[in-house]
Amino acid sequence: MSYPQPDSNASVLGGQNFFRINTMLQGPGDIYESDQGSLAVALGPDSDIANVNVYYFDELVASRVNSLQISPDRSFVGLLAAHPTENYPVVNLPGRVLIAPADQFDSSFRPATFNFTVGVGDVIDFVTPVLDVIQYFSQPPSLIPQRSDKEYEFESIQQSAALCTYWLVVPAYGRKYASFNFRNNLNQSVSIGITGAKLGVSNLPAAAAGDARPSSAVQGVIKAVTAVAVNAQLSSVYLASTMGSWDYFVISYTPALLPTSNFGLATHITVSDDAL
Amino acid sequence: MSRATLTIAAGASYTDCNGKTGAGVLKTALASFAAAMPPIFPDAIQNNRQVGNWAIPIQALSASMSASLGFSTVQLNLAADLIYRACFAGVKAQANGFITAGQGTSLLAAYNAFIF
């Protein structure tokens, strides 16, 4: 992001009937705030993050803090008041509405077999996930919480040392379906595999020098590593119902290619909330 | 011994909260950590809130816990997750210049005092 974040008061003063936080995440510690109450809270269409925690001032509980979680399948419809002139007890902070992803994003994540050797080791790229949350100030006639399908298309991959692996990490949070298509128009064979990764909160022993990841991850195979010959294609379909739910799709390309041109190794990914 | 950096503290939050759970003092530890945050991150400075606001759910979790709580995997997970996120918020805010190095050091000191 995106800090300082958008001002919810400006949305009201500007006559909008909603306040929207639409931002790329920095990390798992992102938390956003609103001085405004609302009549509904829902994921916006562009969100990669599926589960979002909303904390709000509630006089009916002892701590004055209550929370709810919204997801692609569950918006919150009802009066959710902000109390910025009152304070949460003990910490004495104003009674704003707080919004934070419940899903995790940590760009220090590295796959289990990542080669950390500096200079000649593996290379990793992340498609940074977007958090899109909307507070509605007027009662919407109906809420359609479904997120938009997303398509990612890459016509090349980043160059790295020969015989190493290039890793591409794409947000998967709660998606029910994904299709992966790869086309190898290079002059050498490339092995491609897909795993799912689910992040957790626990430190692991350092795998090697340079490994500073604070998060743990469980990984599962979606598509076993497969050699894609010159001018050949590889396709794979992911269904959450049979392959589990993951935070990331992690794609490996081995060997990463010589530092000439990697144009011609095309990747096309579509993710959807519909189990197509 | 203490956690050397906020990143290490974030990664150790589960281990350290587990230790507090085992000692039966997780509720107190969370409350103390939450109470220590607002003086470090004054609410009047908007950029501080991206870290300081984590004190609110941490305090709420502490308030919801029974003082005589035995081991609870669910509450341990919630606590570790919130502490992890608060520490990470400090890491990112400091890296982006939204809080000072001194504030990051103070947050780490609070972690080492109450959570480690």
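Letters go in sequence order (proteins before strands), and every chain restarts at 1.
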Which bit of L82(B) comes within less than 4.5 Å of chain A, counting heavy atoms only: side chain, backbone, both or neither?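 Looking at L82(B), just its side chain touches chain A.
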
Can you say whether A86(B) sits under 4.5 Å from chain A via the side chain, the backbone, both, or neither, judging by heavy atoms?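 Neither part.
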
As an exercise: rank V65(A), L93(A), N92(A) by heavy-atom pairs under 4.5 Å with chain B and give me the winner.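 Result: the option with the highest number of such pairs is L93(A).
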
If you look at every heavy atom in [X] and [Y], which pair is closest and at what distance?
| X | Y | answer |
| --- | --- | --- |
| I56(B) | P94(A) | CD1-O, 4.4 Å |
| V201(A) | Y14(B) | O-CB, 3.3 Å |
| Q59(B) | P89(A) | CG-O, 4.1 Å |
| A100(A) | W54(B) | CB-CH2, 3.7 Å |

Option in S64(B), A63(B), A60(B) with maximal non-hydrogen atom pairs under 4.5 Å from chain A: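 Ranked by heavy-atom pairs under 4.5 Å with chain A, first place is A60(B).
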
Which of the residues P57(B), A93(B), A35(B), A80(B) is involved in the greatest number of heavy-atom pairs with chain A at under 4.5 angstrom?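 Option with the greatest count: P57(B).
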
Contacting region of V90(A) [heavy-atom separation from chain B under 4.5 Å]: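 V90(A) touches chain B through side-chain heavy atoms alone.
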
Rounded to the nearest 0.5 Å, what separates atom NZ in K92(B) from atom OG in S107(A)?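 These two atoms lie 4.0 Å from each other.
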
Using modelled atom types and a 3.5 Å cut-off, is there a donor and acceptor pairing between side-chain atoms of R85(B) and backbone atoms of A102(A)?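 Indeed, once roles are kept as given, a pair shorter than 3.5 Å links the two residues.
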
Less than 4.5 Å apart, any side-chain heavy atom of D81(B) and any of Q104(A)?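 Yes - at least one pair of side-chain heavy atoms lies under 4.5 Å apart.
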
Contact between E33(A) and N53(B) at the side-chain level, heavy atoms closer than 4.5 Å - yes or no?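 Yes. Closest side-chain heavy atoms under 4.5 Å.
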
Does a side chain donor of either Q50(B) or D30(A) reach within less than 3.5 Å of an acceptor in the other side chain?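 Note: Q50(B) and D30(A) side chains miss the donor-acceptor criterion.
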
So, D43(B) and R96(A), do they make that salt bridge, N to O below 4.0 Å?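 The answer is yes: the pair qualifies as a salt bridge.
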
